[in-house]
Amino acid sequence: MPETNSHNVSMITCTAPVNIAVIKYWGKRDEELILPINSSLSVTLHQDQLKTTTTVACSRNFQEDRIWLNGKEEDINQPRLQSCLREIRRLARKRRNEEDPNAEITLSHRVHICSVNNFPTAAGLASSAAGYACLVYSLSRLFGVDAELSLVARQGSGSACRSMYGGFVQWKMGERQDGKDSVAEQVAPETHWPELRVLVLVVSAERKPVGSTSGMQTSVQTSKLLKHRADSVVPARMDDMIRAVRGRDFATFAELTMKDSNQFHATCLDTFPPIFYLNDISRKVINLVHRYNRHYRETRVAYTFDAGPNAVIYLLRDHVPEFVQAVRHFFPPESNGGEFVKGLPVHSASLPDELVRDIGMEPTPKGISYIISTKNEIRVKFFNVKNARTSGWHKKRK
Ligand code: DP6
């Protein structure tokens, strides 16, 4: 039950994680319902480092639905926000009619939504995934909806459906036109592979030049490679990836992850006009990873890139200190800057001379702004707000 205070404001607060795909979603077959042309698979990241926190409040005194993102009021009439609100209210109405005609929260009450990230939106990390997952989950708690919520989150942002679950999550593309079978499903829980670690190498704080929504639209219209990828590459790759995750086979997991990232960026280049998400630093990170693995004659580290230049690195716990030291060596940070490694602590390590020699790259000072060190995590979480009269966030107009 949501908390209700003396002003009859009911409030719920939830948090949701970011997820990073290892088999990428790129391309829709239905723009409105957000149905993908291929299935995808991701790892849910730990909320201590990367999360969205959303409070939704509902009151008969509210005149209209409103939303604030990171303290700034945004337009509530964006079609995707409206889809999520409409869908949750529809599900709530359905349930209410069936089970609970006297429920405390009236569906005609308007909601005020306040959402903040614990990481800079400008860092180009998948904030829409955590954002919509959190919004949909909070609304579902507020209105008492108990349905397959990944279906609703998907209609906010495709990748958001995967943030509804923890651990390793697949988004099955589904076949139906109404999208009812296009849902997220957990492949393995977060406890399954405790040694797996994730490093986010924040390359640039610039906003991405082409957003994923419009980027994938142009790709669907113009790239034959994308069609080939969706029809002939991803189905088998999904099976292989699920097997690698379930068997904790890091070398296979890592190879598939890198190949899939590379193919996604190849489809971006095959898009007309082409889309460039990787920059020189991203390419240097790719080289660093391959040369590092070649030195050890073993695939110890994998990279993946979304619609921006930041690298997300997957590796096992034992290899984190040395790889971080390699990043520090080849991308020397500003000596008087803030902390270079944020998040989970990383022990210091020395770099063997032969490794540095084998990698053989010229260092690029300040190429990487900072590293977020993190791991795998559980699903969306929720807790009630005890004192609903505190912040006054819902009073401030932009
Ligand atoms: C490259 O989920 O942001 O991160 O559905 O249009 O909101 P919309 O797109 P979005 O696309 C994510 C693309 C990606 C790959 C992935 O996360 O699978």
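The structure presented is a predicted model; accordingly, all values stated were derived computationally and were not measured.
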Worksheet entry | Donor-acceptor under 3.5 Å (Arg154 side chain, Leu33 main chain) | yes
Fill in: Shared-cluster residues of Val233, by chain and number - hydrophobic side chains joined below 4.5 Å
none
Item to complete: Could you tell me the separation between the OG atom of Ser108 and the CZ atom of Arg110, rounded to the nearest 0.5 Å?
Response: 7.0 Å
Worksheet entry | Connected hydrophobic set around Val183, excluding itself, where side chains approach under 4.5 Å | Leu151
Item to complete: Could you pull out all residues at least two apart from Lys342 that satisfy salt bridge (charged side-chain N to carboxylate O under 4.0 Å, His left out)?
Response: none
Practice prompt. Output every pair passing salt bridge (charged side-chain N to carboxylate O under 4.0 Å, His left out) with a member in residues 174-187, not counting sequence neighbours, ordered by first then second residue.
Written response: Lys172-Glu185, Arg176-Asp178
Discussion item. Main chain of Phe168, side chain of Asn376: is a donor-acceptor contact present, judged purely on distance under 3.5 Å?
Written reply: no
Worksheet item: Lys24 versus Ser40: any side-chain heavy-atom pair under 4.5 Å?
Response: no
Item to complete: Assign the ring pair Phe264 / Trp26 to parallel, tilted or perpendicular, where the plane angle (0 to 90°) is split at 30° and 60°.
Response: tilted
Worksheet item: For the residue pair Val136 and Ala153, what are the closest heavy atoms and their distance?
Response: CG2-CA, 3.8 Å
Worksheet item: Without hydrogens or angle criteria, can the side chains of Ser163 and Asn19 be said to hold a donor-acceptor pair below 3.5 Å?
Response: yes
Worksheet item: What heavy-atom pair brings Leu35 and Ser182 nearest, and what distance separates the two atoms?
Response: CD2-CB, 3.6 Å
Worksheet, complete the sentence: Between Val169 and Ala184, the two heavy atoms sitting closest are CG1-CB, 4.0 Å
Worksheet item: If you link I, L, V, M, F, W and Y whenever their side-chain heavy atoms are under 4.5 Å apart, who else ends up in the same group as Phe276?
Response: Leu269
Practice prompt. Begin from the C-alpha positions of His228 and Leu225 and carry the test side-chain contact (heavy atoms from CB on, under 4.5 Å) through to its verdict.
Written response: CA-CA 5 Å; His228 167 71; Leu225 179 58; 4.3 Å; yes
Item to complete: For the pair Leu139 and Val145, evaluate side-chain contact (heavy atoms from CB on, under 4.5 Å) and give the outcome as yes or no after the intermediate values.
Response: CA-CA 8 Å; Leu139 288 171; Val145 169; over 6 Å; no
Worksheet item: His192 side chain to Val245 main-chain N or O, any donor-acceptor pair under 3.5 Å?
Response: yes
Worksheet entry | side chain to side chain contact (heavy atoms under 4.5 Å, CB included) partners of Thr54, counting only residues at least two apart | Thr52, Val56, Ile113, Ser115, Cys134, Ser138
Discussion item. Using 0.5 Å steps for rounding, measure from the CG atom of Asp65 to the NE2 atom of His112.
Written reply: 7.5 Å
Worksheet entry | Any side-chain heavy-atom pair of Phe331 and Val285 under 4.5 Å | yes
Practice prompt. Keeping to residues at least two apart or across chains, list the side chain to side chain donor-acceptor pair (under 3.5 Å) pairs with something in residues 282-292.
Written response: Asn279-Ser282, Asp280-Arg283, Lys284-Thr364, His290-Tyr303, Tyr292-Glu322
Discussion item. Given 3.5 Å as the limit, does a donor-acceptor pair link the side chain of Asn117 with the main chain of Gly131, or not?
Written reply: no
Fill in: Shared hydrophobic cluster, Ile12 / Leu85 (ILVMFWY, side-chain heavy atoms < 4.5 Å)
yes
Worksheet item: Got a donor-acceptor contact below 3.5 angstrom from the Arg197 side chain to the Ser373 backbone?
Response: no
Discussion item. Once rounded to the nearest 0.5 Å, what's the spacing between atom CG of Asp306 and atom OG of Ser159?
Written reply: 8.0 Å
Discussion item. Among residues at least two apart in sequence or on other chains, which ones pass salt bridge (charged side-chain N to carboxylate O under 4.0 Å, His left out) with Glu298?
Written reply: Arg300
Worksheet item: With a cutoff of under 4.5 Å between side-chain heavy atoms, which Ile, Leu, Val, Met, Phe, Trp and Tyr residues group with Phe272?
Response: none
Worksheet item: With side chains defined as the heavy atoms from C-beta onward, is the minimum distance between Val234 and Arg229 less than 4.5 Å?
Response: yes
Worksheet entry | Residues which pass salt bridge (charged side-chain N to carboxylate O under 4.0 Å, His left out) with Arg328, listed by chain and number, not counting sequence neighbours | none
Discussion item. Is there a side-chain contact between Tyr370 and Val200 in this structure, where contact means two heavy atoms from C-beta onward sitting under 4.5 Å apart?
Written reply: no
Practice prompt. Without swapping roles, check the side chain of Arg95 against the backbone of Asp146 for a donor-acceptor pair under 3.5 Å.
Written response: no
Worksheet item: Given side chains that start at C-beta, do those of Arg80 and Tyr132 come closer than 4.5 Å, heavy atoms only?
Response: yes
Worksheet entry | Atom of Asp260, atom of Ile23 and distance for their closest heavy-atom approach | OD2-CA, 3.2 Å
Practice prompt. Kindly state each residue pair satisfying side chain to side chain donor-acceptor pair (under 3.5 Å) with at least one member in residues 344-359, sequence neighbours excluded.
Written response: His295-Asp358
Worksheet item: Taking atom CG of Asn310 and atom CD1 of Ile281, what is their separation to the nearest 0.5 Å?
Response: 11.5 Å
Discussion item. Please check this pair: side chain of Thr44 against backbone of Tyr165, looking for a donor-acceptor N/O pair closer than 3.5 Å.
Written reply: yes
Discussion item. Could you check whether Tyr277 and Phe305 have their ring centres less than 6.0 Å apart?
Written reply: no
Worksheet item: When you look at Ile88 and Ser140, which way does the side-chain contact (heavy atoms from CB on, under 4.5 Å) test go after all the steps?
Response: CA-CA 6 Å; Ile88 288 286; Ser140 79; 4.1 Å; yes
Item to complete: Please confirm whether the backbone N or O of Ile76 pairs with a side-chain atom of Gln82, one donor and one acceptor, at under 3.5 Å?
Response: yes
Worksheet item: If we only count heavy atoms from C-beta on, is the Asn118 to Asp48 side-chain gap below 4.5 Å?
Response: no
Item to complete: Any chance you could measure Met238, atom CE, to Leu256, atom CG, to the nearest 0.5 Å?
Response: 11.0 Å
Item to complete: Dump the intermediate steps for side chain to side chain donor-acceptor pair (under 3.5 Å) on Gln49 and Thr374, then the final yes or no.
Response: CA-CA 7 Å; Gln49 283 76 45; Thr374 185; 2.7 Å; yes
Discussion item. Rounded at 0.5 Å granularity, tell me how far SG in Cys84 sits from CG in Leu135.
Written reply: 6.0 Å
Worksheet item: Taking it one step at a time, do Val187 and Met241 satisfy side-chain contact (heavy atoms from CB on, under 4.5 Å)?
Response: CA-CA 10 Å; Val187 166; Met241 185 58 101; over 6 Å; no
Worksheet item: Under 4.0 Å between a Lys/Arg side-chain N and an Asp/Glu carboxylate O for Asp240 and Arg243?
Response: yes
Worksheet, complete the sentence: Closest non-hydrogen contact found for Val320 with Leu199 is CG1-CD2, 4.3 Å
Fill in: Nearest atoms (heavy-atom pairs only) where Pro363 meets His329
CB-O, 3.7 Å
Worksheet item: Honestly curious: do Val210 and Tyr25 fall in one hydrophobic cluster under the side-chain, below-4.5 Å linking rule?
Response: yes
Worksheet item: Has Glu32 got more than 12 heavy atoms of other residues, nucleotides or ligands less than 6.0 Å from its CD?
Response: no
Worksheet item: Mind checking whether Leu288 and Val327 have side chains closer than 4.5 Å, heavy atoms only?
Response: yes
Item to complete: Please answer whether the main-chain N or O of Phe253 pairs with a side-chain N or O of Thr257 as donor and acceptor at a distance below 3.5 Å.
Response: yes
Worksheet item: Would a 4.5 Å heavy-atom cut-off, applied to side chains only, mark Met164 and Tyr137 as touching?
Response: yes
Worksheet entry | salt bridge (charged side-chain N to carboxylate O under 4.0 Å, His left out) against Lys227, all qualifying residues, sequence neighbours excluded | Asp231
